[in-house]
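Any value given below was found using the heavy atoms of this structure, including those in side chains, with hydrogens, waters and symmetry copies removed. Every chain is numbered from 1 and lettered A, B, ... according to where its sequence line falls, protein lines coming before strand lines.
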Amino acid sequence: MIKIRIDDKIEETDKANAKHKLIQQGAIAIKVNGKVIDLNEIDSIDDNETIEPVSINTSEGLEIYRHSTSHVMAHAVKILFPDAKVAIGPATDDGFYYDFDIERAFTPEDLEKIEEKMREIISENNAFVKKVIKREDAIKLFQQKGEDYKVELLQEIQDDEVTVYEEGDFVDLCRGPHLPSTGYIKAFKLLSVAGAYWKGDERNKMLQRIYGTAFGNEKELKKYLQFLEEVKKRDHRRLGKELDLYSINEEIGPGLILWHPNGAIIRKCIEDFWRDEHLRAGYKLLYTPHIAKLYLWQKSGHWDFYRENMYSPMEIEGISYELKPMNCPFHIAIYKSSLHSYREFPIRYAELGTVYRYERSGVLHGLLRVRGFTQDDAHIFCREDQIEEEILHVLDFTLFILKTFGFDNYEIYLSTRPEKFVGTEEDWERATNALKQALQHKGLDFELDPGEGVFYGPKIDIKVKDSLGRPWQCSTIQVDFNNPERFDVTYRGQDGKDHRPIMIHRALMGSLERFFGILIEHYAGAFPLWLSPQQIAVITVADRHVEYAEKIMDTLRREDIRVEPFFENEKVGYKVRQATIRKIPYSVIIGDKEIDSGLLTVRRRTGQQSGPYRIEELIERLKREINSRSLELTL
RNA sequence: GCCACCGUAGCUCAGCUGGUAGAGCAGCUGAUUUGUAAUCAGCGGGUCGGGGGUUCGAAUCCCUUCGGUGGCUCCA
């Protein structure tokens with residue numbers, strides 16, 4: 001007799017019945033003592049153990065399900081392309097992949113054929129059979145099959161025994177666990193082919209990776225595919241073109257952003273907001289140059305640590321200058337231009353500083369990964385004992401800024417001391433604790449990211465979740481022990497002596513370009529009123545209404561409301577459509593009715609109408625919505 | 001940087017196995033003067049990303065280069 005736990009109820013039964021019951025509960029694997037194993041292994045379980053079902057509705061279950069699907073895919077590939085060598089094929093967060101070494105390139109048509117073959121294998125309902133064999137035997141087995149990558153993996157395994165899984169006539173080295181049989185797979189799709197280095201090392205051979213995904217049923221798969229469609233629709237590169245927000249020009253250079261008028265006005269709104277709030281939060285604004293002597297970066301250590309991301313120096317009158325990859329040395333120079341007392345602390349310097357970093361061509365991506373970008377940067381100088389309080393201040397400020405754009409879901413990471421570091425272990429300990437305490441004080445959940453800190457200090461990273469639930473790394477708050485030392489930054493303490501301050505680097509939006517890209521996708525191009533390039537479309541019914549419409553436009557414009565005329569000789573429906581496509585929040589139509597009554601009816605870009613309003617009332621409502629930076633349309 | 005794929009009018013795309021380019025939208029002109037997501041007609045627009053080659057002949061095949069896309073690697 002063994003025990004099974006279903007919905008927290010424990011039941012004692014014999015093994016055959018237990019298995020039956022577990023399957024009834026949707027089990028595709030089982031959990032014993034916290035360890036997930038094959039459902040088929042139930043027979044080898046000791047009596048008295050308690051077994052729990054693992055269903056596909058759990059992350060563990062889904063992982064097994066997808067992992068098994070990747071095996072079926074490898075099996076199908078081996079049938080269709082016997083020359084292909086299999087490498088590795090795990091489940092991922094949203095699907096699975098398998099890497100193959102094969103001469104020919106997989107085409108989209110190949111994927112269809114592979115899918116077809118996979119369906120066959122699934123309909124055969126082959127059992128996944130686990131076998132424990134001696135390592136040497138496994139090596140022989142895979143050598144015979146010509147599976148060099150498996151042999152290489154085996155040679156790195158220390159254990160005497162390894163497990164292989166057999167499914168039909170496909171054998172794979174695998175830790176498992178797996179589904180009981182291939183017939184359990186109900187819904188899957190192969191999505192794309194991509195190159196991937198063997199073991200992720202760029203010195204190794206480039207293999208071909210097939211990505212796919214699998215779900216418990218067709219409905220969920222369809223939902224996921226629709227999600228991918230939605231992601232495509234919101235792609236900032238597509239919307240950036242459609243809404244004429246920005247462009248990247250081949251002649252100007254990859255990774256360099258041209259902000260068009262529509263994008264520039266959005267950026268202006270963001271920058272104005274950013275500056276006003278920084279002044280309000282006790283920051284002082286700075287401007288600094290785009291280039292500086294190379295020596296500066298040799299001193300800061302960037303030339304040693306990050307030269308790969310810096311552009312080649314340029315000669316000016318025999319001296320090497322360098323395009324700036326960071327703003328900190330400039331802010332330090334400003335700090336050092338006069339003596340500072342502990343009484344001034346914390347000193348907060350902020351700048352929208354444009355930096356240039358070399359990114360390898362393959363990684364550039366729209367606005368999200370570029371070569372020239374503007375950081376919303378700040379450097380805070382304070383005493384070590386002020387770190388926690390200052391971090392609290394920065395956290396509050398960060399969350400306020402992010403929330404204004406509609407980001408109120410976060411993932412927070414605390415990164416600790418890496419292997420290569422400067423400063424003493426005690427410094428790190430104290431600073432890390434200060435960060436941790438600040439987070440706890442705010443009641444913010446965070447994850448530890450051990451060893452992921454920057455060489456000069458620990459940091460807090462904040463990822464925002466957009467309207468589709470996708471995480472984006474934006475904010476970073478970093479403690480720096482390095483630069484104050486390297487640049488001999490000091491302050492005069494209470495004791496009349498010079499001391500070393502701590503520097504805190506922080507960026508809230510990260511880079512304006514990247515943040516803009518995220519915003520485009522977050523709002524799907526439909527910006528809230530305060531950010532919209534055009535806030536209200538004025539549409540005339542016929543030419544005779546233009547004069548009055550112009551008056552309305554002037555009135556609105558004088559109130560700093562961004563108006564766009566639609567006066568062409570077209571039908572109202574056409575012009576309404578144009579305004580809607582451009583995602584202009586509101587439209588008003590000017591015809592005889594409006595002129596006679598002196599009232600205006602407002603149409604939202606979503607189609608609802610409100611009003612009619614007197615012009616003064618309309619202006620007041622618009623301004624209220626703009627000034628409150630409302631995320632919703634309120635008219 | 002690496003692997004695969006892609007690059008045709010301002011935009012989205014068609015153009016099979018080589019026979020010197022086509023649609024829709026946008027633009028311009030005209031008619032129409034219109035009431036909440038597309039009025040009709042006409043016109044202009046491309047050395048088919050650049051360079052080289054094969055061929056009687058290249059958007060189409062080959063090489064090379066630039067750029068883009070999906071990944072890998074990287075991301076202070």
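The salt bridge (Lys or Arg N to Asp or Glu O under 4.0 Å) check on A:Glu156 picks up A:Lys199, with sequence neighbours excluded. For A:Asp592, the salt bridge (Lys or Arg N to Asp or Glu O under 4.0 Å) partners two or more places apart in sequence, or in a different chain, are A:Arg544. Take A:Ala76 and apply the side chain to side chain contact (heavy atoms under 4.5 Å, CB included) test, not counting sequence neighbours, and it matches A:Ile114, A:Lys117, A:Met118, A:Ile121. Qualifying side chain to side chain contact (heavy atoms under 4.5 Å, CB included) partners for A:Ile102, counting only residues two or more places apart in sequence or in other chains: A:Phe81, A:Ala84, A:Phe100, A:Arg104, A:Phe106, A:Gln208. Legend: residues meeting salt bridge (Lys or Arg N to Asp or Glu O under 4.0 Å) with A:Arg371, ordered by chain and number and at least two apart, are absent. Listed by chain and number, the residues in a side chain to side chain contact (heavy atoms under 4.5 Å, CB included) with A:Thr213 are A:Arg66, A:Leu191, A:Phe215, A:Leu221, A:Tyr224 (sequence neighbours excluded). A:Glu550 is linked by a salt bridge (Lys or Arg N to Asp or Glu O under 4.0 Å) to nothing, counting only residues two or more places apart in sequence or in another chain.
Rounded to whole Å, the distance from CD1 on A:Ile210 to P on B:C5 is 14 Å. Put simply, CD on A:Gln208 is 8 Å from P on B:A4, counting in whole angstrom units. Rounded to whole Å, the distance from CZ on A:Arg582 to C1' on B:A26 is 13 Å. Nucleotide B:A4 holds its C1' atom 15 Å from the CZ atom of A:Phe100, rounded to whole Å. Distance A:Ile536 CD1 to B:U36 C1': 14 Å, rounded to the nearest Å.
If you check residues 252-260 of chain A against RNA chain B, the residues with a heavy atom closer than 4.0 Å are A:Pro254, listed by number.
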Can you pull every protein N or O that's under 3.5 Å from an N or O on nucleotides 38-43 of chain B?
unit_1, atom_1, unit_2, atom_2, d
B:A38, N9, A:Arg577, NE, 3.3
B:A38, N7, A:Arg577, NE, 3.2
B:A38, N7, A:Arg577, NH1, 3.0
B:A38, N7, A:Arg577, NH2, 3.3
B:A38, N6, A:Arg577, NH2, 2.3
B:A38, N1, A:Arg577, NH2, 2.9

Listing time: all N or O pairs from protein to nucleotides 8-17 of chain B that are below 3.5 Å?
unit_1, atom_1, unit_2, atom_2, d
B:U12, OP1, A:Lys241, NZ, 3.2

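Salt-bridge annotation for A:Arg582 and A:Glu242: absent, with no side-chain N of the basic residue lying under 4.0 Å from a carboxylate O of the acidic one.
Look at B:U55: it lacks any Watson-Crick or wobble partner with both distances under 3.5 angstrom. Across the strands present, B:U69 finds its partner in B:A4; the criterion is a Watson-Crick or G-U wobble pair with both atom distances under 3.5 angstrom. Taking a pair to require two hydrogen-bonding distances under 3.5 Å in either a Watson-Crick or a G-U wobble arrangement, B:U47 remains unpaired.
Comparing B:A31 with B:G45, their C1' atoms sit 23 Å apart, to the nearest whole Å. Taking atom C1' on both B:A37 and B:G42, the two are 26 Å apart, rounded to the nearest angstrom. Remark: the separation of the P atoms in B:G50 and B:A9 is 10 Å, to the nearest Å. Comparing B:A59 with B:G22, their P atoms sit 14 Å apart, to the nearest whole Å. Look at the P atom in both B:G67 and B:U73: the space between them is 23 Å, to the nearest Å. Remark: the separation of the P atoms in B:C48 and B:G10 is 13 Å, to the nearest Å. Separation of the C1' atoms belonging to B:U33 and B:C40 is 14 Å when rounded to the nearest angstrom. The gap from the P atom of B:U17 to that of B:G53 amounts to 24 Å, rounded to the nearest Å.
A:Phe381 has its ring centre no less than 6.0 Å from the ring centre of A:His331. You'll find the ring centres of A:Trp297 and A:Phe330 inside the 6.0 Å limit. Ring-centre distance between A:Phe407 and A:His522: below the 6.0 Å cut-off.
Looking at A:Glu625 and A:Thr634, their side chains do bring a donor and an acceptor atom within 3.5 Å of each other.
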For residues 250-265 of chain A, run the donor-acceptor check on the side chains, cut-off 3.5 Å, and write out each pair with its distance to 0.1 Å, sequence neighbours left out.
unit_1, atom_1, unit_2, atom_2, d
A:His260, ND1, A:Asp244, OD1, 2.7
A:His260, NE2, A:Ser247, N, 3.4
A:His260, NE2, A:Ser247, OG, 2.7
A:Asn262, OD1, A:Gln534, NE2, 2.8
A:Asn262, ND2, A:Leu243, O, 3.0

Worksheet item: Just by protein heavy atoms under 4.0 Å, how would nucleotides 70-76 of chain B read 5' to 3' in B, S and -?
Response: BBBBBBB
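Listed for the A:Asp376 side chain is a donor-acceptor partner under 3.5 Å among the backbone atoms of A:Leu508.
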